[in-house]
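In what follows, a structure is listed as structure tokens, so that the remarks can point back to it.
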Amino acid sequence: MAELNSDEPFIDTNKLIFGIGQVQQITGVSGRQLRYWESQNYISPIDQKKGVSRQYSLHTLFLIFHINRFIQQGFTLQAAVDHAKEFDAQIPALRQFLKKQLKGVEISDDQTVIDFGYFNAQRTKRVYGVIDRNGQTFFEIRDVK
DNA sequence: TTTCTGACA
DNA sequence: TGTCAGAA
């Protein structure tokens, strides 16, 4: 099974900057909305100076995207922001856990098996996440040979 | 051409 | 929130 070990990201996501026009194209949120949300302190561009073109970080782009998603689901702006920020706060934990536990992935014709490492301290069982041919997902615990 | 701020038939 | 004006 292939080993996954990329500690260094190949792209510094902090260097991915987007202008307001790009943000509009990508997220579908209008410039008017972006400026209004900013005035309400829901979002904030990178080190904003007066009168200069706004620049948004990738992180803010994601936040904007999610706020808009919740709005389209019928939430009020305020509620959408709350949901988006809550989700936003969960991402680091998800990334950390996945990075720590993901040991490998094996893709075959009928299914994909994700290796999540040992199930117990005795190292007699291992946990696998399975995606079958129908897209169904489930866990599987197998004895270590 | 794009973005900025302010204003509202 | 959209849209228009006037400026940068």
Side-chain angles (χ1 to χ4, degrees), chain A residues 1-121 123 125-142:
Chain A
M1 201 173 265
E3 280 296 313
L4 296 179
N5 252 324
S6 53
D7 284 341
E8 307 83 21
F10 48 98
I11 286 182
D12 183 354
T13 55
N14 291 316
K15 290 183 179 176
L16 292 176
I17 306 303
F18 305 86
I20 195 170
Q22 294 176 296
V23 174
Q24 291 184 73
Q25 287 184 16
I26 297 170
T27 67
V29 177
S30 70
R32 175 73 173 83
Q33 286 174 293
L34 292 172
R35 295 185 184 101
Y36 176 69
W37 296 0
E38 179 185 332
S39 74
Q40 301 303 301
N41 290 314
Y42 291 149
I43 59 173
S44 53
I46 297 171
D47 59 77
Q48 189 55 26
K49 298 174 183 178
K50 63 288 181 184
V52 183
S53 295
R54 271 158 262 255
Q55 299 206 305
Y56 300 89
S57 66
L58 181 63
H59 176 259
T60 302
L61 180 71
F62 268 86
L63 183 60
I64 292 168
F65 179 82
H66 286 125
I67 291 174
N68 190 231
R69 258 193 9 155
F70 288 122
I71 285 178
Q72 293 179 326
Q73 286 175 23
F75 290 96
T76 62
L77 174 57
Q78 176 65 68
V81 170
D82 290 341
H83 281 274
K85 293 201 169 180
E86 185 181 353
F87 177 69
D88 204 60
Q90 298 172 346
I91 293 181
L94 295 173
R95 293 188 49 146
Q96 182 186 344
F97 190 85
L98 207 53
K99 186 170 184 177
K100 280 275 189 176
Q101 289 302 131
L102 184 56
K103 305 303 180 184
V105 180
E106 189 170 74
I107 301 175
S108 56
D109 292 330
D110 57 329
Q111 66 175 11
T112 294
V113 178
I114 304 168
D115 182 1
F116 286 115
Y118 292 112
F119 176 69
N120 53 3
R123 302 189 171 185
K125 297 174 185 297
R126 220 170 165 83
V127 182
Y128 296 93
V130 182
I131 305 174
D132 68 21
R133 80 204 72 193
N134 298 315
Q136 298 281 15
T137 61
F138 52 88
F139 284 113
E140 220 170 76
I141 297 176
R142 303 175 186 170

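Lettering follows sequence order; numbering is per chain, from 1. Just the heavy atoms: all of them, side chains too, but no hydrogens, waters or symmetry mates, feed the values below.
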Applying the side-chain contact (heavy atoms from CB on, under 4.5 Å) test to Tyr56(A), which of Ile26(A), Thr27(A), Leu34(A) qualifies? Leu34(A)

Covered region of DNA chain C, 5' end to 3' end, by chain A [heavy atoms, under 4.0 Å]: dT1(C) to dT3(C)

Taken to the nearest whole Å, CG/Leu34(A) to P/dT2(B) is 16 Å

Any heavy-atom pair between the side chains of Val29(A) and Val23(A) that's under 4.5 Å? no

Could you tell me which residues satisfy side chain to side chain donor-acceptor pair (under 3.5 Å) with Ser108(A), sequence neighbours excluded, listed by chain and number? Asp110(A)

Would you kindly compare Tyr56(A) and Arg32(A) by the position of their nearest DNA chain B nucleotide and give the one closer to the 5′ end? Tyr56(A)

Who pairs with Phe62(A) by ring pair (Phe, Tyr, Trp, His ring centres under 6.0 Å), at least two apart in sequence or on another chain? none

Rounded distance (Å) that lies between atom P of dG6(B) and atom CD of Glu38(A): 12 Å

Do side-chain atoms of Lys85(A) reach the backbone of Leu63(A) as a donor and acceptor pair under 3.5 angstrom? no

Hey, can you pull the residues of residues 75-83 of chain A with a non-hydrogen atom under 4.0 angstrom from DNA chain B? none

Taking any strand in view, what nucleotide pairs with dA8(C) in a Watson-Crick or G-U wobble way, both distances under 3.5 Å? dT2(B)

For dC8(B), the Watson-Crick or wobble counterpart (both distances under 3.5 Å): dG2(C)

Whole-Å gap separating P (dT2(B)) and CZ (Arg35(A)): 13 Å

How would you list, by chain and number, every residue that makes a ring pair (Phe, Tyr, Trp, His ring centres under 6.0 Å) with His83(A), sequence neighbours excluded? Phe70(A), Phe75(A)

Please list, chain by chain and in numerical order, all residues satisfying ring pair (Phe, Tyr, Trp, His ring centres under 6.0 Å) with Phe18(A), sequence neighbours excluded. none

Over-ring placement of Arg126(A) relative to Phe119(A), 6.0 Å and 45° cut-offs: no

